[in-house]
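Working notes, structure below.
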Amino acid sequence: MRWTQTLISTLRDAPQDAEITSHKLMIRAGLLRKLGGGLYTFMPLGLRALHKVEQIVREEMDRAGALEILMPALQPAELWQQSGRLETMGPGMFKLKDRQERLMTLGPTHEEVVTDLLAREVSSYRQLPCTVYQIQTKFRDEIRPRFGLMRAKEFIMKDAYSFDVSLEAADASYQAMYDAYTRIFKRCGLTAHPVEADTGDIGGKWSHEFMVVADAGEDAILECAACGYAANQERAERHVCTCAPAADTPPMTDVATPDARTIQEVSAFLKRPAADFIKTLIYVADTKPVAVLVPGDRDVNEQKLKRFIGCKSLALADDDTILKATGAPVGFAGPAGLAIPIYADASLRGATDRVAGANKADTHVIHLSLERDAKVTDFTDLVAVVTGDLCPRCQQTLNTKRGIEVGHVFKLGTQYTDAFNAKFLNEKGEPLTMIMGCYGIGVTRTLQAVVEQHNDADGIIWPAAIAPYQVGILLLDPKDETVAAHAQKLSDKLTALGIDNLIDDREERPGIKFKDADLVGFPLRAVVGAKSLAQGGIELKLRSEKTFTLAPVDMAAEQIREKLSRHKN
RNA sequence: CGGGGCGUAGCGCAGACUGGUAGCGCGUUUGGUUCGGGACCAAAAGGCCGAGGGUUCAAAUCCCUCCGCCCCGACCA
């Protein structure tokens, strides 16, 4: 292919609305163009790279025994009513009506469609295990689309679903996908770490996310260097020391704290550190108010809270609800005397001599001994784990990193197969419910994660496996027929060797071609010019290296193949 | 949804406070000189200044409404 025959336009400046490196580079290098918020067009160059990622995904899915299918993106809403997710995922789904006024959705994911499908298709244990997958466009009405392809309203996902006869068999299917994911990300040139994760709206009991470590990542990961424990902050647990209660805390006493509402204000007023406080938050779980207690210097992890209570919606209570539940305005809630359920963080078990709100305006209490002075419904792990907390496995210190979630694997159990009555007959003719797993890779996000992980000040540095073109042939003297012929010959030879390449045949000065080649990020650059030919050949330079070598014209293609194979990533 | 910021040529920006009907750089087109890390000279094309309404003799500029985009937060009592 020749540069002048394709649609590549590079930009010297990044558009003002691009924030992170990978987003800027993908726009500047002409891979993407924006249509609107969270909506992007893949230009020829970007689409080539995307197709390569898809191809790797396809090969590894096939290798793992999964079967490719393609389900509709447009789906009847009844399916979502049947699973109950029209309610839980509703706000994040695009909905529309057809001319019959039937409510439809644009699929944000496909558990419903696939379970309905397998429930109809599978009737015997002989058909199991069965894992199907598709590479398809998903639609999500994101609260806030961000950073180009990282969080888009429309994006390409590879989603796979496994169906098994038993939990043990399902574990094997899960492991097969987990292993396939490991291979996929490696082949894409990514360093992705599996971490324990929250299951969110998908549901299920167990899941791992594949995280690419990057400062631009939207998730926080807690890692233990000692034992290898790694978890998304949404799920991360910590080891808590069970401290012996102080023998004699004086009776709980009111103290006036006029206008001091926040922990910070009361802490300053009473001259007690935030850690001595019991922070009391009033939430509304579905429709009922509940109180949540955490140490004054800690934050609540709402995902954990939601999971523990088992509610569908969870939000901080408004001022009226707080007044009704505590009898006091916002800022003076405390555990003593509350008539609503109280959930306390496990670290507060045996807490004595603490400060908390008194459930009276402008008043706090001191000498609060939690189990003596309040009726705690349950103690459980509720705080957001942070750097410095102790590993729940080995009690060493945890560290935080930022990560981009590129893949997520779930053990779902029978949540969906129950809802869709997906049963099969076993050897004895008994009907059993299939055990399900689901597995997603954000294909478009993965592409951007690669750029985020592989770049320098000059531009993208593509891993050879997913570069739009593996070789950029810079034709420096396009009007010189001999030189141009050499470039074309090299291109043909490379193509014959299965190495895709692009000849930059523009009538531009060399400087522009060098800059653009670096920006676009060809893994290998071959310079063909009157000067190089006079010196005896064609210049070969890897994007990841500083020096070049001169290859005789007849040897250039072979040498390129060799260089590329030595620098897979 | 709340807070903040921004909408002027394909991209990056100035002009706005102090109204007088639009400019710079890059890019694009043409011609010329150049030609190994984003050259130079000359000429040219390209804009209902996000949309609607108002004030005014006159609005990119002032006022109101809406729309779009970006960032922060989705929350600490």
Practice item. Between rG38(B), rC11(B), rC75(B), spot the one nearest the side chain of L11(A), thanks. Key: rC11(B)

Study note, to complete from the structure: With the side chain defined as heavy atoms from C-beta on, L476(A) is closest, among rG36(B), rC75(B), rG38(B), to rG36(B)

**Study point:** Distance below 4.0 Å between R144(A) side-chain N/O and rC70(B) OP1 or OP2
**Key:** no

Exercise for review: Work out which heavy atom in I538(A) is nearest to a heavy atom in S532(A); give both atom names and the distance.
Suggested key: CA-OG, 4.3 Å

Exercise for review: Go through rG37(B), rA77(B), rG36(B) for me and flag the one nearest to the R525(A) side chain.
Suggested key: rG37(B)

**Study point:** Residues from residues 330-337 of chain A lying under 4.0 Å of RNA chain B - heavy atoms
**Key:** V330(A), G331(A), F332(A)

Review point. Any side-chain heavy atom of N501(A) sitting closer than 4.5 Å to one from L490(A)?
Key: no

Check your understanding: Any idea which of rA77(B), rG38(B), rC6(B) is nearest the T10(A) side chain?
Key -> rG38(B)

Practice item. Look at all strands and tell whether E302(A) reaches a base, only sugar-phosphate, or nothing, counting heavy atoms closer than 4.0 Å. Key: base

Exercise for review: For nucleotides rG4(B) and rC41(B), find the distance between their P atoms and express it as a whole number of Å.
Suggested key: 46 Å

Check your understanding: Taking the six-membered ring of F548(A), is the NZ or CZ of R525(A) close enough (under 6.0 Å from the centre) and on axis enough (within 45°)?
Key -> no

Review point. Quick one: F514(A) CZ to rA39(B) P, roughly how many Å, whole number?
Key: 13 Å

Practice item. Take atom CG of L32(A) and atom P of rC11(B), then tell me their distance rounded to the nearest Å. Key: 15 Å

Check your understanding: Rounding to a whole Å, what distance do you find between L474(A):CG and rC35(B):P?
Key -> 19 Å

Practice item. Give a yes-or-no answer on whether the side chains of R235(A) and S207(A) include a donor-acceptor pair shorter than 3.5 Å. Key: no

Study note, to complete from the structure: Here the distance between atom C1' of rG12(B) and atom CZ of R12(A), to the nearest Å, is 11 Å

Exercise for review: Identify which nucleotide among rC75(B), rC6(B), rG36(B) has an atom closest to any side-chain atom of L316(A), counting heavy atoms from C-beta outward.
Suggested key: rC75(B)

Check your understanding: R33(A) near the nucleic acid: base, sugar-phosphate alone, or nothing, with a heavy-atom cut-off under 4.0 Å?
Key -> nothing

Review point. Taking the side chain as C-beta and beyond, is there a heavy-atom pair between R140(A) and R151(A) under 4.5 Å?
Key: no

**Study point:** Mate of rC1(B) where both pairing distances stay under 3.5 Å, Watson-Crick or G-U
**Key:** rG73(B)

**Study point:** Inter-nucleotide P distance (rC40(B), rC26(B)), Å rounded
**Key:** 7 Å

Revision key, fill the gap. In terms of heavy-atom contacts, K304(A) and E234(A) come closest through CG-O, 4.0 Å

Check your understanding: If you look at every strand shown and take non-hydrogen atoms under 4.0 Å, does D477(A) touch a base, only sugar-phosphate, or nothing?
Key -> nothing

Review point. Which part of the nucleic acid, if any, lies within reach of I27(A) when heavy atoms closer than 4.0 Å are counted: base, sugar-phosphate only, or nothing?
Key: nothing

Review point. Would you find more than 12 non-hydrogen atoms of other residues, nucleotides or ligands less than 6.0 Å from K95(A) atom NZ?
Key: yes

Review point. Mind checking the P distance from rC62(B) to rG7(B)? Whole angstroms is fine.
Key: 12 Å

Review point. If you measure from the C1' atom in rA59(B) to the same atom in rC17(B), how many Å do you get, rounded?
Key: 15 Å

Review point. To the nearest angstrom, how far is L7(A) atom CG from rG10(B) atom P?
Key: 16 Å

Exercise for review: Give one of base, sugar-phosphate or nothing for D299(A), where a contact means two heavy atoms less than 4.0 Å apart.
Suggested key: base

Check your understanding: When all nucleic acid strands are considered with a 4.0 Å heavy-atom cut-off, which category describes A14(A): base, sugar-phosphate, or nothing?
Key -> sugar-phosphate

**Study point:** P atoms of rU28(B) and rG53(B), separation to the nearest Å
**Key:** 38 Å

Review point. Tell me: CD1 of I512(A) to P of rC40(B), nearest whole Å?
Key: 10 Å

Review point. Taking any strand in view, what nucleotide pairs with rG31(B) in a Watson-Crick or G-U wobble way, both distances under 3.5 Å?
Key: rC41(B)

Check your understanding: Nearest heavy-atom pair of S347(A) and D345(A): which atoms, and what distance?
Key -> OG-OD2, 2.5 Å

Point to revise | C1' spacing across the pair rG25(B) / rA14(B), given as an integer number of angstrom | key: 10 Å

Practice item. Quick one: look up who rA60(B) pairs with, Watson-Crick or G-U, both distances under 3.5 Å, and put none if it's unpaired. Key: none

Exercise for review: Determine the interatomic distance between P on rC49(B) and the same-named atom on rG20(B); round to the nearest Å.
Suggested key: 15 Å

Check your understanding: Between the side chains of T10(A) and D516(A), does any donor sit under 3.5 Å from an acceptor?
Key -> yes

Review point. Heavy atoms under 4.0 Å, any strand shown: does F147(A) hit a base, just sugar-phosphate, or nothing?
Key: sugar-phosphate

Check your understanding: Across all strands, who's sitting opposite rG46(B) as a Watson-Crick or G-U wobble pair, both distances under 3.5 Å?
Key -> none

Check your understanding: Contact class for K34(A) (heavy atom, under 4.0 Å): base, sugar-phosphate, or nothing?
Key -> sugar-phosphate

**Study point:** pair L370(A)-R354(A): side-chain heavy atoms closer than 4.5 Å
**Key:** no

Practice item. Quote, to the nearest angstrom, the P distance that separates rC66(B) from rG19(B). Key: 27 Å

Check your understanding: Which base sits across from rC17(B) as a Watson-Crick or G-U pair, both distances under 3.5 Å?
Key -> none

**Study point:** Watson-Crick/G-U partner (both atom distances under 3.5 Å) of rG36(B)
**Key:** none

Review point. What nucleic acid atoms does V300(A) come within less than 4.0 Å of, heavy atoms only: base, sugar-phosphate, or nothing?
Key: base

Review point. In whole angstroms, how far is the C1' atom of rA77(B) from the CG atom of D297(A)?
Key: 15 Å

Revision key, fill the gap. Nearest heavy-atom approach of I404(A) to G217(A) is CG1-CA, 3.6 Å

Exercise for review: Starting at atom CZ of F269(A), determine the distance to atom P of rA77(B), rounded to an integer number of angstrom.
Suggested key: 17 Å

Practice item. Name every residue in residues 528-541 of chain A that has at least one heavy atom under 4.0 Å from any atom of RNA chain B, in order of residue number, or write none if there are no such residues. Key: K531(A), S532(A), E539(A)

Review point. Is it true that the side chains of E154(A) and T137(A) contain a donor and an acceptor less than 3.5 Å apart?
Key: no

Review point. NA contact type, R146(A), heavy-atom cut-off 4.0 Å: base, sugar-phosphate, or nothing?
Key: sugar-phosphate

Review point. With a 3.5 Å cut-off and no angle check, do the side chains of D505(A) and T4(A) form a donor-acceptor pair?
Key: yes

Exercise for review: Would you classify A317(A) as touching base, sugar-phosphate or nothing, given that sugar-phosphate means primed atoms plus P, OP1 and OP2, and contacts are heavy atoms under 4.0 Å?
Suggested key: base

**Study point:** rG36(B) phosphate, OP1 or OP2, under 4.0 Å from R509(A) side-chain N/O
**Key:** no

